[in-house]
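Report on one structure; see the data block that follows.
Here is the naming used below: chain letters follow the sequence lines, and residue numbers restart at 1 for every chain.
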Amino acid sequence: MTDRPNAARRRFIVIGIGVATVIGLWRELQPALSEPRVAPIALRSEQQPAPAGEPTFIVSFLQAVPEAPSVHASTITRLTGGDLLAAWFGGSREGAQDVAIYLARWDHSQQSWGPAKRWIDRGAATRELGREVKKLGNPVLHQDPAGRIWLYFTTVSVGGWSGSSISVKHSDDDGGTWSAARRLITTPFLNLGTLVRNSPIDIADGGVLLPCYHEFLRKYGLIVRLDRDGRLVTCYAMNSGTDALQPAIAAESDQGLVAFYRRGGRTAPRILSNRSSDGGATWTPAEPIVLPNPSSSVAVLRRHGDRGGFLLAFNPDEQRRDRLALAVTEPGGDWRVVHTFDPVPDGTESSYPTLIRGTGDEYHLTYTWGRTEIAHVRFDEAWLERLP
Amino acid sequence: MIAAIWLPAPWAWSHLSFALLVAAVAAAGLQAWSLGCRWLRSRGGSEDADGGSVDQMSESLSKPGRGIANRPLVLLVVGLVLGFLPVGATDLSGHWLAYTGELSFPTLAYLWLVTLALCGRMTDRSSATKKAEERIAAESVTATRISSSGAIRRTLAARSADPPWSDSRWPERIVWLLLGTLLYTTALSGQGPDFYRWGYASTPSWLTLLAAVGLHWAGRWDLAAIAVGTVLSWQLRLSGAVNFWDCAIDPLLVGSSVVMLLGQLVRVIIRPVVGATDHRFYDGDSAAGDKSPELA
């Protein structure tokens, strides 16, 4: 070792320390991250509910795709002008390498679904992410208050679903064109094990709280906080124990959130639930509620209007996914099952619901119908009010 | 705007990770090949100037040669080129990184140090020690001063450029092991304190910067550089990770630390301690032995 290289190294490191200190101080001067507050749109409709008239309850099906006989895990969001955009994954079977994510658009003026388009497959995901993707999983669509459409989707590079990670794309023209996919890094261990299933909640700073869950070694809920540009800001553990997954969240107040979970295989066959009073940063321990759960996804939605109350779509059975039901609750009240949807004739699966608020006082529900089709149900407050 | 500028950064990081992996593995392979050839020649009785003894073979690690095996930059370029080879829907690095994920800055730095050491781009530590002793003698440093903080700094400095596989690096391996255990158990258990979440704040980066200052003072320029580089890579989002721990540690680093610590433990157990040599720092490295190299 000679003196000259030593001196050069010393200088280099001192300069590095200086630069890092300056950047660090500059970052400290930026506004501190505050506790998330729910955006007003997540609490009440931006449009007044239409006057109660004839109730609406219409069931339709999204157009099937011959190349994807097995479909599952639908998601739906509103577009401008009352149109809707739905996504789901389809292929020869769940987890197969030919599974792709499909998109279909609901034309509000025509009151019908357009043809399904193959939106992204594992080859395209591999190219866009710059790394091998073995299979695709659950997608989640969401329109933010600025009108940008986000699509979060699950990719698997290693192993089964426990080897998943979340990727994201966005569109600024109602789904016409999409950005390249990029990965969200949510765990320290090879970024393995995080999946997405349910819709996020908009927060006041323009970002979202995306409910995710972890399946590697343990099953637990996770809130991923993203900024208005879809960049990960931080993650919050949901205190859901080690056997709860697929959290569905809804806003009770500007910092009050409630979550409902699919139970894993080791706990009582009940939906699990917990609450946060600080915008999702901390959560009460998850506890079972009265409604059953056969280890299947649930969906929750705050109802139209200012009165609060929630809708919950779930499988009302401890073992089987053959029926799908709708329950309602008023603030502080108990859950009341108000409707059970017609089962699939062959008794197969009706599951994985997604609920969104539509225009006026409408709601939209999509779910897996027999693993062969995606069902879409439109209903409104008037229909809900007439239920026993 | 800033985000748009930095979009290629994670892409470049991924390719650099793969290139460094290839360079380190290639350097090890070429070195093993070279040593094997010399050993065979010596067994065959055709000793030459380069391959006469084990000592000479070991010493060759610290002598930069002219072949590709001694040119780390060439190996790095080879790694970069290989990484861009199209395989299926992506390139070779994309396939590899599907399994390793984004590598942390310390891992990249260690991989580069491995490549440098194997390419003989480090001078022999004994000569460095000799030079240090000559300098001390020239500066008329007293024995008292040598045995106090100066000795600590000199000892640390002498260790500073040991190759990454050297047993003398056991303290940093313990740090990686403890950090990894703490991080992975809390992050993957879903219960208890969320140590990983702490990495979204700036506190760990400040602590690391403080550690860099201390390491720099102690003469551990390599670790100081790793600490500073880790902080900068996080601040500039070079790997795309938002969490500081993703820039500071990864399973490859923790895993290799565990393997090396276990190997060292086994060697300590099965080999009797001989003499008064400071085995904690200098002994037990079969590749380097008493010839642990110092960076030129």
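- Comparing A:I13, A:L222, A:L192 by how many heavy-atom pairs each has under 4.5 Å with chain B, the most go to A:I13.
- Put simply, the side chain of A:V14 reaches to within 4.5 Å of the side chain of B:H216, judged on heavy atoms.
- Highest contact tally toward chain A, considering only B:A201, B:A212, B:S189, B:A225, is held by B:S189 [criterion: heavy-atom pairs under 4.5 Å].
- Using a 4.5 Å cut-off between heavy atoms, A:E128 does not touch chain B at all.
- With a 4.5 angstrom heavy-atom cutoff, A:R127 touches chain B via backbone and side-chain atoms both.
- For the pair B:P251 and A:P188, the tightest heavy-atom approach, listed with the atom from each and the gap, is CD-O, 4.1 Å.
- Proximity to chain B (any heavy atom under 4.5 Å) is shown, for A:S165, by neither the backbone nor the side chain.
- Only the side chain of B:S14 comes within less than 4.5 Å of a heavy atom of chain A; its backbone N, CA, C and O stay farther away.
- Counting heavy-atom pairs closer than 4.5 Å to chain B, the top residue among A:G193, A:G163, A:G24, A:S157 is A:G24.
- In this structure, OG1 in A:T187 is found 7.5 Å from CG in B:D246, a value given to the nearest 0.5 Å.
- Within residues 81-89 of chain B, the residues having any heavy atom under 4.5 Å from a heavy atom of chain A are, by residue number, B:A89.
- Ranked by non-hydrogen atom pairs under 4.5 Å with chain B, the options A:V19, A:D229, A:V233 are led by A:V233.
- Atom CD of B:E102 is separated from atom CD1 of A:I185 by 4.0 Å, given to the nearest 0.5 angstrom.
- Using a 4.5 Å cut-off between heavy atoms, B:W96 makes no contact with chain A at all.
- Within the 4.5 Å cutoff, the side chain of B:V242 has no heavy atoms near those of the A:R231 side chain.
- From B:T90, atom OG1 reaches atom CD of A:E132 across 8.0 Å, with rounding to the nearest 0.5 Å.
- Top candidate by heavy-atom pairs under 4.5 Å with chain A, chosen from B:V254, B:L188, B:D91, is B:L188.
- Side chains of B:R197 and A:Y236 form a contact here, defined as non-hydrogen atoms less than 4.5 Å apart.
- A:L232 touches chain B through backbone and side chain together, each having a heavy atom under 4.5 Å away.
- Per-residue counts of heavy-atom pairs under 4.5 Å with chain B were compared for A:N239, A:T21, A:N191, A:L217; the largest is that of A:T21.
- Residue with the most contacts toward chain A among B:D194, B:L183, B:L209: B:L209 (heavy-atom pairs, distance under 4.5 Å).
- Neither the backbone nor the side chain of A:K219 comes within contact range of chain B, judged by heavy atoms closer than 4.5 Å.
- Proximity to chain A (any heavy atom under 4.5 Å) is shown, for B:S104, by neither the backbone nor the side chain.
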Derivation and outcome, side-chain hydrogen bond (donor to acceptor under 3.5 Å, both in side chains), residues B:Q235 and A:W26: CA-CA 10 Å; B:Q235 289 174 334; A:W26 178 78; over 6 Å; no
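- For the atom pair CZ of A:R131 and OG of B:S93, the computed distance is 8.5 Å after rounding to the nearest 0.5 Å.
- Listed by chain and number, the residues in a side-chain contact (heavy atoms from CB on, under 4.5 Å) with B:S233 are B:W13, B:F105, B:L238, B:C247 (sequence neighbours excluded).
- For A:I15, no part lies under 4.5 angstrom from a heavy atom of chain B.
- Contact count against chain B (heavy-atom pairs under 4.5 Å) is highest for A:T186 among A:L33, A:L129, A:T186.
- One finds the SG atom of A:C235 at 3.0 Å from the OH atom of B:Y200 (value rounded to the nearest 0.5 Å).
- There is no contact between A:V133 and chain B, counting heavy-atom distances below 4.5 Å.
- Within 6.0 Å of the CH2 atom in A:W150, the count of heavy atoms belonging to other residues, nucleotides or ligands exceeds 12.
- A:R122 does not touch chain B: none of its heavy atoms, backbone or side chain, sits under 4.5 Å away.
- When B:Y184, B:W245, B:Y196 are each tested for a ring pair (Phe, Tyr, Trp, His ring centres under 6.0 Å) with A:F189, only one passes: B:Y184.
- Atoms CD1 and OG, from A:I23 and B:S202 in turn, are 13.0 Å apart once rounded to the nearest 0.5 Å.
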